[in-house]
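These figures come from a predicted structure and were not determined experimentally. Atoms within each ligand, like the ligands themselves, are counted from 1 in listed order.
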Amino acid sequence: MRRIDVFAPAKVNLALHVTGQRADGYHLLDSLVAFSPVGDGLTLAPAEGLGLKVSGPEGAAVPEGPENLVLKAAALFGVGAAVVLEKCLPAASGIGGGSSDAAAALRGMAALTGQPLPEAGAVLNLGADVPMCLDPRPARTRGIGDDLTPVTLPTLPAVLVNPRVEVPTPSVFKALRRKDNPPLPEIPAFADAGACIAWLAEQRNDLQAPAVAQAPVIAEVLAVLAALPGCQLARMSGSGATCFGLFGTEAEAAAAQAALAASHPGWWSAHGALGDQAQKAAPQLR
Ligand SMILES: C[C@@](CO)(OP(=O)(O)O)[C@H](O)COP(=O)(O)OP(=O)(O)OC[C@H]1O[C@@H](n2ccc(N)nc2=O)[C@H](O)[C@@H]1O
Ligand SMILES: Nc1ncnc2c1ncn2[C@@H]1O[C@H](COP(=O)(O)OP(=O)(O)O)[C@@H](O)[C@H]1O
């Protein structure tokens with residue numbers, strides 16, 4: 001029987017500037033995103049009806065019913081499928097796990113059925129982060145996350161850390177004081193990872209301060225990351241609470257993650273070079 005495997009990479013907001021708010025309450029963003037080789041795995045097979053089984057180390061935190069974004073995405077194709085989600089990314093953590101799962105389900109269902117991907121409006125309806133996760137390459141994202149411009153970035157060795165507190169995205173946006181912050185400047189062509197990190201250091205995540213106010217442990221995560229040998233920049237992703245540290249080499253990032261896992265065994269962490277995961281995320285027929 002045909003079976004499709006699809007990888008759903010974590011999304012990282014390297015910078016996230018909140019530049020305005022629409023009449024419907026959604027915020028206008030100007031963000032630079034890249035994708036991690038760490039993520040969730042989906043397997044899809046033909047079936048009479050639509051069904052989902054969730055497994056994996058982080059599976060207990062996500063719903064298995066129709067509210068799971070994987071089922072909402074798969075339902076857009078109007079045919080049955082048996083889907084297994086291997087959940088490795090912490091849920092509601094600012095690295096778009098649910099959005100990336102939904103995007104992977106769309107890629108997988110298109111491969112399984114031969115149908116085209118749903119139109120842009122239906123994809124965006126699943127979540128503001130789903131369009132950027134559909135083709136997981138570095139991009140500048142504007143609008144509410146749906147206006148995408150591909151960018152070329154050097155790969156960025158990184159450590160991801162989540163202190164295991166959930167900060168709901170709506171409450172972080174609500175707590176934001178200023179909604180009319182300056183956008184990103186023009187994104188230059190970076191000579192190497194060091195030049196990119198130096199430029200990123202001048203940018204911001206405008207959601208970081210309101211997230212820290214709701215979950216002060218995020219400040220501790222940022223301080224611990226910044227103190228790891230070789231860490232050149234520590235920042236929060238999305239609406240948190242996951243933070244990332246950027247390093248000069250993958251060996252430094254791996255060593256830093258090992259040290260952090262030993263000193264803070266209660267925190268989730270992972271390492272890998274942020275960049276273009278489109279190839280790894282392409283549906284594989286088994
Ligand atoms: C903040 C970001 C940055 O990439 O990432 P995460 O923290 O979710 O990873 C995203 O904008 C989140 O995208 P996503 O999680 O898909 O959002 P949605 O489900 O569409 O919206 C959840 C809620 O977040 C708020 N929201 C979301 C996006 C946006 N541009 N403005 C908003 O105000 C709204 O209150 C909305 O009801
Ligand atoms: N497949 C899924 N994975 C994770 N969360 C999901 C999924 N489907 C639905 N959700 C719900 O979506 C919410 C946001 O999850 P997620 O997309 O991981 O957040 P974030 O984008 O902040 O990392 C959670 O509260 C969770 O219950």
Which bit of [X] gets closer than 4.0 Å to ligand 2, counting heavy atoms only: side chain, backbone, both or neither?
X    : answer
D101 : side chain
V62  : side chain
E166 : neither

**OP:** Work out whether the distance between some heavy atom of L85 and some atom of ligand 2 is less than 4.0 Å.
**Re:** yes

Check whether any side-chain N or O of [X] sits under 3.5 Å from a backbone N or O of [Y] as a donor-acceptor pair, and report yes or no.
X    : Y    : result
S100 : G97  : no
H17  : N181 : no
Q115 : F77  : yes
Q203 : W199 : yes
D206 : V18  : yes

Of all the atoms in ligand 2, which lie at a distance below 4.0 Å from a heavy atom belonging to [X]?
X    : result
S93  : 19 (O), 20 (P), 22 (O), 23 (O)
S99  : 17 (O)
E67  : 9 (C)
T169 : 22 (O)

For [atom], the protein heavy atom that lies nearest, with its residue and separation:
atom                    : answer
atom 26 (C) of ligand 2 : P63 CD, 4.4 Å
atom 24 (C) of ligand 2 : A92 CB, 4.0 Å
atom 12 (O) of ligand 2 : L69 CD1, 4.4 Å
atom 3 (N) of ligand 2  : K87 NZ, 2.9 Å
atom 22 (O) of ligand 2 : G94 N, 3.0 Å
atom 7 (O) of ligand 1  : S239 OG, 2.6 Å
atom 17 (O) of ligand 2 : G98 N, 2.9 Å

Please identify which atoms of ligand 1 are closer than 4.0 Å to at least one heavy atom of [X].
X    : answer
N13  : 3 (C), 4 (O)
L16  : 3 (C)
P170 : 23 (C), 35 (O)
H27  : 29 (C), 30 (N), 31 (N), 32 (C), 33 (O)
G127 : 16 (O), 20 (O)
G25  : 33 (O)

Original post:
Which is closest to atom 8 (O) of ligand 1 by heavy-atom distance: I95, D24, V33, T169?
Top reply: T169

Subject >> Short N or O distance, I144 and ligand 1, threshold 3.5 Å exclusive >> reply: yes

Subject >> Distance-only N or O hit between ligand 1 and L29, under 3.5 Å >> reply: no

Ligand 2 N/O within reach of [X] N/O, cut-off under 3.5 Å:
X    : answer
I95  : yes
N68  : yes
G240 : no

Original post:
Does K280 count as lying over the ring of F7, i.e. NZ or CZ under 6.0 Å from the six-ring centre, within 45 degrees of the axis?
Top reply: yes

Original post:
Between L200, N205, L233, I197, which is the residue that forms a side chain to side chain contact (heavy atoms under 4.5 Å, CB included) with L14?
Top reply: L200

**OP:** Using a 4.0 Å heavy-atom cut-off, say whether F173 meets ligand 1 through its side chain, its backbone, both or neither.
**Re:** side chain

Original post:
For ligand 1, which part of S99 has a heavy atom less than 4.0 Å away: the side chain, the backbone, both, or neither?
Top reply: side chain

Original post:
Which one of D147, T149, D30 satisfies the side-chain hydrogen bond (donor to acceptor under 3.5 Å, both in side chains) criterion with R140?
Top reply: D30

Test item, [X] contacting ligand 1 (heavy atom, 4.0 angstrom):
X    : value
S31  : no
K11  : yes
G145 : no

Original post:
Transitively linked via ILVMFWY side-chain contacts under 4.5 Å: V33 with V172?
Top reply: no

